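Each remark here refers to the structure printed beneath this line.
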Amino acid sequence: MKDLPNLFGSMVFNDRVMRQRLPKDIYRSLKRTIAEQKHLDLDVANVVANEMKEWAIEKGATHFTHWFQPMTGITAEKHDSFISPTKDDNVIMEFSGKELVRGEPDASSFPSGGIRSTFEARGYTAWDPTSYAFIKDRTLYIPTAFCSYSGEALDKKTPLLRSMDAINREALRILRLFGHNDVKRVITTVGPEQEYFLIDKDLYEKRPDLVYCGRTLFGARPPKGQELEDHYFGSIKPRVSAFMKELEEELWKLGVHAKTKHNEVAPAQHELAPIYTTTNIAADHNQLTMELMKTIANKHNLVCILHEKPFAGVNGSGKHNNWSISTDTGINLLEPGETPYENAQFLLFLTAVIKAVDDYQDLLRISVASAGNDHRLGANEAPPAIVSMFVGDELMAILECIENGTSYNKKEKCDMEIGATVLPHIPKDSTDRNRTSPFAFTGNKFEFRMVGSSASISDANTVLNTIVAEVLSQFADRLENAANFKDELSALVKETIKNHKRIIFNGNNYSDEWVKEAERRGLLNLKSTVDALPYLISEKNIRLFTKQKVFSETEIYSRYEIMLEGYAKTIHIEALTMLEMVRRGIIPAVVNYLKDLSTTAYTKKSLNAQLNCELEEKLIEKISNLSSCLYKKIEKLESSIIEAKSQANSLDTAKYYRETVFIDMQSLRNVIDELETLVGKKYWPFPTYGELLYSVY
Ligand code: ADP
Ligand code: MG
């Protein structure tokens, strides 16, 4: 595309625009506020707001909105117009600094997990000036954080920003010890690879399960699934390609670096990856990406499905969260260095991540927990529910040598002492790319692969930042007080490898042997959301979050409640949808088919009593037996849904949904799927898997 440079970021109030349009002193003061994460002066805010408004109006905007990310996992916005009446019945376009930096939406309709009842219903949104404002649908969007009036976070952005502060603070302490006095800020960077399905809109609308739940609740396997693996990286079909092109252009206008796009493993599944950026911006951009995927698909008469497991039997969708730590001076702290000293620093950060993942496996699992993602994690699909790390054979060998104090390469004899002159050169890309690992080191970053495709990436990154900050803080405490920095560093790295190497697993994570081996190693295997969530409120985790100032105890409990409730509600809606589809769609279809079969048999017999009706009779018998089984399963599911209401608390309720309602649904599904293979196509009221998965070309 010729004018790509003009298109990219054209709808963003970015640094270039600010430099052009803001008076020099205002620009500098805003930049300082951003760099030092300080509060903005109202005088400065007024000038910025006015320029932002002028710029937005030039671009056709009439409204502005504080855009935030409540606990629903999606974004929320309330549009106000710039228009303000004057005394002489005219209007002027106004936008003040106060309106820019702070909004006061009613918080009462957003999930608060109990915070709301103890405090005021009002909430407020505060501008996150590190994430640029942008224009979408003739509206100026201001990225904001959302809190209750008393300051508790009601969103996913606030804790993410706090966790970024935590890792900045603790990593700086470590860097000072290595003599990096020039570094002013440490940030984490993220590049999330987003998977999704595209299906035809007309077919989608005929499936209430897709419409209400985002996934199919039943559907017999088509003759062809993903076994031929002919879809992965296959040529992109014209309709999909038109969608991707428009999506990319719209994302570019909003400053999102959408880069790669390709077909994924399952039929109708695709992926989009952006170039990585600062974590909070990556989180905002990923929300925008998901939103635009949906709206643009719609324009192409397609539906974009972001659910983690829309179709049984083919791969589900996830988000590979590529994560690293870097300095404002441009050093990637997870990049193996060229010199031994750099490598010593790299090894310290690497072992900090290893220890963090081992100590807080539970939190990483919780950070990706949802009813949708349970269908992937712990359900014989990539990746497993057991958190482990992949570092590759070469790095593993190096870590083992450090642990044992032996030399790495027999030919080039080297002393493995950290910080000594001959620490081995750590190869940059010796990664043999283990695709089954939930948390893989891929050269200069970690790829956390457990994140669900529909989830906000904020939760996972909040946890990642916080747990690594905590370990860095423990390391810094020890190193700052060491008599001999080098000796202490060496001992610390050695000890950490020894104590935490159980979390490293370079083999096949999908194998049954690994499940047994992980159990021997004492690793957690939290199969479902309800198994995982109780760990959130453990003493260890409350201590972590409060110490690192990421969550208060109240906020942790509030999130715990919100997640349990969300889980139960999701299964509840699925169960009701299933019952409705069976009662109003499938039973009438089965009855009609049976009626036609019986009529045929009856007619044949009355024409000639000798005629063979074996086919009709056998089918009638089989379908009748299945139908009565179907009826029993419906009754069971109905009574379970009622029983769910009488559980004592939110954990018991969520557990009941998992252990009873969900199981009843699966067993009802089995009967339906078998019926689908027997009942004539023209009777079956819903599009089949074959139609849904192979309809877009
Ligand atoms: P894959 O082979 O897993 O498909 P790629 O190597 O193409 O992945 O890159 C995946 C993602 O990792 C991209 O979004 C890329 O921007 C991101 N990435 C690369 N370097 C970093 C980094 N330092 N921090 C965070 N993300 C990064
Ligand atoms: Mg990847």
Side-chain angles (χ1 to χ4, degrees), residues 8 160 163-164 167-168 171 183 185-196 229 231-234 236 244 247-248 251-252 255-266 269-290 293 315 317-337 342 345-346 349-350 352-353 356-357 382-383 389-392 426-451 453 457-458 460-465 468 509:
F8 191 85
L160 180 64
S163 75
M164 289 171 72
I167 198 164
N168 168 55
V183 177
R185 189 153 178 91
V186 171
I187 55 155
T188 54
T189 51
V190 168
E193 301 163 56
Q194 175 75 48
E195 290 180 335
Y196 61 98
E229 298 184 329
H231 189 256
Y232 191 53
F233 279 55
I236 298 171
M244 284 179 169
L247 173 65
E248 257 182 350
L251 287 171
W252 286 336
V256 179
H257 290 261
K259 195 168 162 259
T260 57
K261 47 181 187 185
H262 60 76
N263 289 351
E264 264 299 329
V265 178
Q269 193 185 28
H270 310 278
E271 181 190 287
L272 182 139
I275 296 176
Y276 71 94
T277 180
T278 311
T279 305
N280 60 319
I281 298 170
D284 285 356
H285 283 180
N286 183 250
Q287 292 290 353
L288 275 177
T289 304
M290 292 194 286
M293 279 176 165
N315 276 8
S317 301
K319 216 155 352 207
H320 288 178
N321 189 85
N322 294 274
W323 176 93
S324 192
I325 325 171
S326 47
T327 66
D328 58 348
T329 53
I331 309 167
N332 178 348
L333 296 170
L334 292 177
E335 174 95 50
E342 283 169 4
Q345 183 184 299
F346 161 73
F349 278 97
L350 178 78
V353 179
V357 174
M389 284 170 93
F390 167 84
V391 296
I426 297 176
K428 188 173 167 202
D429 203 8
S430 63
T431 43
D432 23 334
R433 289 294 178 123
N434 182 324
R435 289 278 169 195
T436 68
S437 175
F439 201 97
F441 182 67
T442 47
N444 58 5
K445 61 184 185 324
F446 279 99
E447 188 167 334
F448 185 31
R449 302 190 177 123
M450 292 169 92
V451 185
S453 49
I457 59 168
S458 297
N461 288 295
T462 298
V463 166
L464 259 172
N465 293 341
V468 175
N509 281 261

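Whatever order the structure lists ligands and atoms in, that order sets their numbers, starting from 1. Numbering starts at 1 and runs along the sequence shown. What you see below is based on every heavy atom in this structure, not just the backbone, and it leaves out hydrogens, waters and symmetry mates. In this text, all values refer to a predicted model and were calculated from it rather than measured experimentally.
- Taking the six-membered ring wherever Trp is involved, the centroid distance between the rings of His257 and Tyr276 does not fall below 6.0 Å.
- Between Gln269 and Asn315, some side-chain heavy-atom pair lies under the 4.5 Å cut-off.
- You'll find the side chain of Gln194 stays beyond 4.5 Å of the side chain of His320, heavy atoms only.
- Contact annotation: for Leu334 versus ligand 1, there are no heavy atoms closer than 4.0 Å.
- The residue from Pro274, Gly443, Pro192 that puts a heavy atom closest to atom 13 (C) of ligand 1 is Pro274.
- Proximity of Ile187 to Arg185: side-chain heavy atoms (C-beta onward) are separated by under 4.5 Å at one or more points.
- Looking at Ile275 next to ligand 1, no N or O pair under 3.5 Å apart turns up.
- Of the N or O atoms in Glu271, none lie within a sub-3.5 Å distance of an N or O in ligand 1.
- Taking every non-hydrogen atom of Gly191 and a distance limit under 4.0 Å, the qualifying atoms of ligand 1 come out as 14 (O), 25 (C), 26 (N).
- The distance criterion of under 3.5 Å between nitrogen or oxygen atoms is met by Thr189 with respect to ligand 1.
- Interface of Ser324 with ligand 1, defined as ligand atoms under 4.0 Å from a residue heavy atom, comprises 22 (C), 23 (N), 24 (N).
- Residues Ile325 and Asn332 have side chains not in contact (no heavy-atom distance under 4.5 Å, counting atoms from C-beta outward).
- Leu464 is not listed as a side-chain neighbour of Thr188, based on a closest heavy-atom distance of 4.5 Å or more.
- For atom 4 (O) of ligand 1, the nearest non-hydrogen atom from the set Glu447, Lys259, Glu193 comes from Glu193.
- Compare Glu335, His257, His320, Lys445 by their heavy atoms: the one nearest to atom 9 (O) of ligand 1 is in Lys445.
- With ligand atoms numbered from 1 in the order given, ligand 1 contributes 23 (N) to contacts under 4.0 Å with heavy atoms of Asn332.
- When ring centroids are compared, Phe441 and Phe390 stay outside the 6.0 Å threshold.
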